[in-house]
Amino acid sequence: MLTAFYEDSFTTDVDEIFDLSAWFQSNVNRASTLYSELHAVLQHNASQNKKQEVRAPLENLTKVLKEMPLTELNLQQMDQLEAMDVAQFLGDRGAVNVRKLVTQSSYDPASSANEVGVASSTVASAVTKFEVLVSALKASQFDEHRSAKGIGILSKEAIARIHFKEEASIGNIADMKKWASDWNDIVRGIGHLVQETPQDLRVVSAGNGSLIIGISGSMAVIAILAHLSKKVSGIVLDGVRVANAIEDLRHKKLMNADIEKEMRKNIAAKESNLVKETIAELKVGASENYGQEHDAHLETAVKKYVAFAKKGGEVDYLEPPSVYTDDLPEPDQIVSELRKLIAEVRDIKAETMLLTDQSIQDEV
């Protein structure tokens, strides 16, 4: 059963650890080799009069980095890569960072070679760690193909993880009571859209660090949560884009008070319309039993979700697996919709992180 597989992965997290290790081996080994090749060229050029061509190894590396499918990873897997200090050297972020480092080589070749060397060794070290981990898992008789076995007909349940962090963290019982009440209101409000209640969603895990609560519910209600995540994440991304644009114009001495005021006014207008616009979109797909008497609960749900996100809280999602039987050869509409929403949320998150990195580097 799909539900049993999900629950088991929450119990141990071994499935996800193995998936991350396998993903790393499949997508990062080639980049590690190319980092090493680029570092060798830069190191040579920093110490020798006869220079070697930099453009080809740089373009080869950035091409591989840009094609890296980081959106296949969930938030916890990305957090693991951040904790290993390797995320900054992967994907679009890695491509931007390494290009900046190589650009510096024209006026400071030694420093450029050294920093690319750090990136190369960090990626190579991570590759080795994951290879050791995969070997250990296999030696422990872990079945790497278990997720594809015994699933049968697709369950209609999906998994979401609620990350209580930053100002939305849970540090005491009062915090727990407040956020439990808010999430009860969130699920009650959106549940009206698909005739479900907070009792229909089960708590299937809890993690430490920034507290992470795993919940399972129908594909329909988890898809609504994913839609909320997409809308709120989009507003956050727009805010980062506007902030970066303002700084860019300021550096180019093209910014004045009127332009900045208008740009900030536009993003403020988007934020103020977020709740109203989101409610309208959600009601389009509401069940026939949804009535005006549910509007107040839905509005409360959206407002509380937005407040949760503004305080730093996040919701992450596990993709429904694309495993089908002969009786069910094609994914139904709700599965396809949920997978698409999850991919869009992760794309927005990745772009936000990239632009935030660029903003921090510009300030430095």
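FYI, side chains are in, hydrogens and waters are out, and symmetry mates aren't considered; it's all heavy atoms of this structure. Counting from 1, the numbers follow the sequence of the chain as shown.
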Strictly distance-based, threshold 3.5 Å: is any side-chain N or O of [X] a donor or acceptor partner for the main-chain N or O of [Y]?
X      : Y      : result
Thr103 : Arg99  : yes
Asn244 : Leu355 : yes
Ser121 : Gly117 : yes
Asn184 : Ala180 : no
Asn97  : Phe89  : no
Thr62  : Leu58  : yes
Ser169 : Glu166 : yes
Tyr317 : Ile159 : no
His44  : Lys50  : yes
His294 : Gly291 : yes

### Enclosure of Leu254 CG (heavy-atom neighbours >12, cutoff 6.0 Å)
yes

[X] and [Y] ion-paired at < 4.0 Å:
X      : Y      : value
Glu260 : Arg250 : yes
Lys310 : Glu167 : no
Lys349 : Glu314 : yes
Lys304 : Asp185 : yes
Asp258 : Lys261 : no
Arg241 : Glu351 : yes
Glu59  : Lys63  : no
Lys270 : Glu277 : no

To the nearest 0.5 Å, tell me how far [X] [atom1] sits from [Y] [atom2].
X      : Y      : atom1 : atom2 : answer
Leu81  : Leu90  : CG    : CG    : 6.5 Å
Lys283 : Thr278 : NZ    : OG1   : 13.0 Å
Ile224 : Ser218 : CD1   : OG    : 7.5 Å
Glu196 : Ile222 : CD    : CD1   : 9.0 Å
Lys165 : Leu211 : NZ    : CG    : 12.5 Å

### Sub-6.0 Å ring centroid separation between Trp183 and Phe308
yes

